[in-house]
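Numbering starts at 1 and runs along the sequence shown. FYI, side chains are in, hydrogens and waters are out, and symmetry mates aren't considered; it's all heavy atoms of this structure. Keep in mind it's a predicted model, so treat the numbers as computed, not measured. Remember, it's 1-based here, ligands and their atoms both numbered in the order they're listed.
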Amino acid sequence: MKIINSMIKFLVIIAVILFVIISDVGWASAQDKPDSNTISYLSARLKQLVKFAAPSNLGLNYFILPNSSDLSSIPADPHNPLTPEKVNLGKLLFHETALSINPINPKHWQQSSCASCHFAEAGFRSNLAQALGVGGLGWNKSRHRDAEVYSVEIDKQNILTPSVLNSAYQKVMLWNGRAGVTGPNANEPLIQEFDVNRFKLDGLETQAIDAMTVHKLGTAAIAIIPEYQKLFAQAFPDRAYVAAEVEDLKRVGLAIAAYERTLLANQAPFQRWLKGDETAMSAQELRGGIVFFSSSCVQCHTRPNLAITDFRSVGFADHPQDFSGLNLGRGVITKRASDDFKFKVPQLYNLADSSPYGHGASFNTLREVVEYFNRAQPQKLEALYAGNLSVWFRPLNLTQQQVDDLTAFLETGLRDPNLMRYVPEGLPSGLCFPNNDPVSRKQLNCD
Ligand code: HEC
Ligand code: HEC
């Protein structure tokens, strides 16, 4: 009896395996048929895969980013409830060059803003391997450092500027995730104690407040502008005046974080496709989406913003300006060897708007990143030797066609063409923005 039972089990398993093989072959050979390249066929196939990648029951909806005005649908920190007034104030402050009042060299007074390094035209990244805030000259593709001052007078970091787009979906901030007390930091006593986390907020709020000091910004100059008095009173009705003190750095940070939460790439072709517009993506973008959702990519780029609030080792090289030796990433702050070389999994929308890529700026194009994941040979051998490389970092054997398709999905399928809707028309200070240095003023027609 036992033997018959196990034989039946064995036969069932064989049948299941055969079924899987046959249906897979069926898919492969269907690809060669002429009608397998139609929008409706590809669209149906992608739908299956996207549903499979979403938590059960949520289906395609899981990946739909809310409208920016639909504040109740946007993930928020309960300590910083979203209101239209706060978002509006944050939008101005994020671009406000009048905040830049603490430069080391007075000649750089009121010349830069958050948006000097995170600007809409660059997908809220910087379009530079090393973004320049205070002490940068020029705008967009021509921004360079002021050569007439000492290096210490320039605001720059030795790591690539990540995007603040879709950041509402990320609990902790920065490449090693040190900002924020929730999500993956909730059970990290060491990180909870960091000074940056003294306000016990989510990463986005924490980072916005901290960035005020890091990037030499302050409120004294805007405190005397009546329009800001009014806007602060509307955004924070509990305390209706601006004082040029610590408490105000916090409120500026809260308003900026509220604004950042509304920066959603919800008009990208992939988003329109998710919402039912079958023709929003080209056949090539659909094929690229199929590669994305059927290969390793979606194992890490998992959540609605195609990131995940977690850290993985995929062997990207460090920044050429990082002279610290080796950047251990997450391991630097948890002090656990098992976290060495792990970096945050970044969101993937509007990456085509600026380059380079990776925390160390080690890829010039998105195609290079795709080819790298296809080959799966780490740039940083120490990451290999440490033994922490993700199991999903392995050769994918994609064809050249699939590499092209996946690149197209990233470049245009995930590109919201209208991010300028998040940029204010003018500032209460009347200053030029996002930069107010002499070179930018000319380029931006502010003079
Ligand atoms: C000099 C350029 C520069 C300026 C100015 C700047 N940032 Fe950044 N920003 C960076 C860099 C570089 C990082 C990555 C640092 C790291 O991970 O260690 C970053 C990271 C961030 C992140 C984390 C994003 C993520 O996905 O982890 C947020 C949020 C952010 N900045 C918001 C702001 C705000 C708000 C301001 C203004 C108050 C600002 N930044 C000003 C360069 C800049
Ligand atoms: C094992 C997890 C993992 C897998 C699998 C994975 N990624 Fe990533 N991806 C990451 C991490 C982590 C980073 C950031 C690494 C760093 O900068 O050190 C990253 C970075 C990127 C970047 C650069 C983004 C930026 O802001 O610079 C792109 C583009 C990207 N991945 C696309 C893909 C695609 C396409 C696939 C599938 C072929 C894929 N990834 C597979 C974890 C993964």
With atoms numbered from 1 as shown, which atoms in ligand 2 lie under 4.0 angstrom from a non-hydrogen atom of [X]?
| X | value |
| --- | --- |
| Cys300 | 1 (C), 2 (C), 3 (C), 4 (C), 5 (C), 42 (C), 43 (C) |
| Ser390 | 1 (C) |
| Leu348 | 28 (C), 29 (C), 30 (C), 32 (C) |
| Phe316 | 15 (C), 16 (C), 17 (O), 18 (O), 20 (C) |
| Val369 | 22 (C), 28 (C), 29 (C), 30 (C) |
| His359 | 16 (C), 17 (O), 18 (O) |
| Leu351 | 24 (C), 26 (O), 29 (C) |
| Leu366 | 29 (C) |

Element-labelled atoms of ligand 1 that are located less than 4.0 Å from some non-hydrogen atom of [X]:
| X | answer |
| --- | --- |
| Glu260 | 29 (C), 32 (C), 35 (C) |
| Gln170 | 25 (C), 26 (O), 27 (O) |
| Gly133 | 1 (C) |
| Ser113 | 5 (C) |
| Gln157 | 12 (C) |
| Ile256 | 35 (C) |
| Arg178 | 18 (O) |

For ligand 2, which is the ligand I care about here, please tell me if His301 has any N or O atom under 3.5 Å from one of the ligand's N or O atoms. yes

Can you check whether Gly358 has an N/O within less than 3.5 Å of an N/O in ligand 2?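 There is such a contact, yes.
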
Are [X] and [Y] within salt-bridge range, i.e. N to O under 4.0 Å?
| X | Y | result |
| --- | --- | --- |
| Arg178 | Asp210 | no |
| Lys107 | Glu153 | no |
| Arg261 | Glu205 | yes |
| Arg303 | Asp310 | no |
| Glu188 | Arg336 | yes |
| Asp353 | Arg125 | no |

Can you list the steps and then say if Asn197 with Glu193 is a side chain to side chain donor-acceptor pair (under 3.5 Å)? CA-CA 7 Å; Asn197 287 322; Glu193 293 306 310; over 6 Å; no

Closest protein heavy atom to atom 34 (C) of ligand 2, given as residue, atom name and distance to 0.1 Å: Cys297 SG, 3.5 Å

Among all protein heavy atoms, pick the one closest to atom 27 (O) of ligand 1 and tell me residue, atom and distance. Leu174 N, 2.7 Å

N or O contact, [X] vs ligand 1, cut-off under 3.5 Å:
| X | result |
| --- | --- |
| Leu217 | no |
| Trp175 | yes |
| Lys344 | yes |

Residues 323-433 vs disulfide (SG to SG under 2.5 Å), sequence neighbours excluded, gives Cys432-Cys446

Given Phe119, which partner from the list Phe124, Phe94, Trp139 fulfils the ring-ring contact (aromatic ring centres under 6.0 Å, His included) test? Trp139

Would you please classify the geometry between the Phe316 ring and the Phe373 ring as parallel, tilted or perpendicular, with 30° and 60° separating the classes? tilted

Specify side chain, backbone, both or neither for Leu204, according to which of its non-hydrogen atoms lie closer than 4.0 Å to ligand 1. side chain

Which one holds for Pro346 and ligand 1: side chain close, backbone close, both close, or neither close, with close meaning a heavy atom under 4.0 Å?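 Neither part.
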
Check for me whether Ser112 has a heavy atom closer than 4.0 Å to any atom of ligand 1.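 Heavy atoms of Ser112 never come under 4.0 Å of ligand 1.
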
Between Asp322 and Ser324, a side-chain donor and acceptor under 3.5 Å: yes

With distance as the sole criterion, is a donor-acceptor pair present between the side chains of His359 and Asn327 under 3.5 Å?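 No, Asn327 and His359 have no side-chain donor paired with an acceptor closer than 3.5 Å.
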
Close approach of Arg125 to ligand 2, heavy atoms, under 4.0 angstrom: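 Contact present.
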
Does Asn374 come within less than 4.0 angstrom of ligand 2, counting non-hydrogen atoms of the residue? no

Please state which option from Ser313, Ser296, Ala383 has its nearest heavy atom closest to atom 5 (C) of ligand 2.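 Heavy atom nearest to atom 5 (C) of ligand 2 belongs to Ser296.
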
May I have the step-by-step check of ring-ring contact (aromatic ring centres under 6.0 Å, His included) for Phe293 and Phe270, ending in yes or no? CA-CA 12 Å; Phe293 282 94; Phe270 179 57; 5.8 Å; yes

Stepwise, does the side chain to side chain donor-acceptor pair (under 3.5 Å) test hold for Lys342 with Ser390? CA-CA 9 Å; Lys342 292 186 179 171; Ser390 165; over 6 Å; no

Going by the side-chain hydrogen bond (donor to acceptor under 3.5 Å, both in side chains) test, name the single residue among His215, Lys216, Arg145 that passes it with Asp155.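 Per the side-chain hydrogen bond (donor to acceptor under 3.5 Å, both in side chains) rule, the option paired with Asp155 is His215, out of His215, Lys216, Arg145.
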
If you take all heavy atoms of Leu132 and Ser116, which pair is closest and at what distance? O-CB, 3.9 Å

Shortest non-hydrogen contact from Val134 toward Pro103: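 Smallest heavy-atom distance, with atoms named: CG1-CB, 3.8 Å.
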
Tell me whether Lys442 at atom NZ has more than 12 heavy atoms from other residues, nucleotides or ligands lying less than 6.0 Å away.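 Incorrect, the count does not exceed 12.
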
Should Gln271 and Asp416 count as side-chain neighbours, where that means a heavy-atom distance under 4.5 Å?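 A side-chain contact under 4.5 Å is absent here.
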
Ligand 2 contact on Phe373 by region, counting heavy-atom pairs under 4.0 Å: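 It is the side chain that gets close, since no backbone atom is under 4.0 Å.
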
With a cut-off of 2.8 Å, how many protein N, O or S atoms neighbour atom 8 (Fe) of ligand 1? 1

Show your reasoning for whether side-chain contact (heavy atoms from CB on, under 4.5 Å) applies to Leu306 and Phe292. CA-CA 10 Å; Leu306 303 181; Phe292 187 91; 4.2 Å; yes

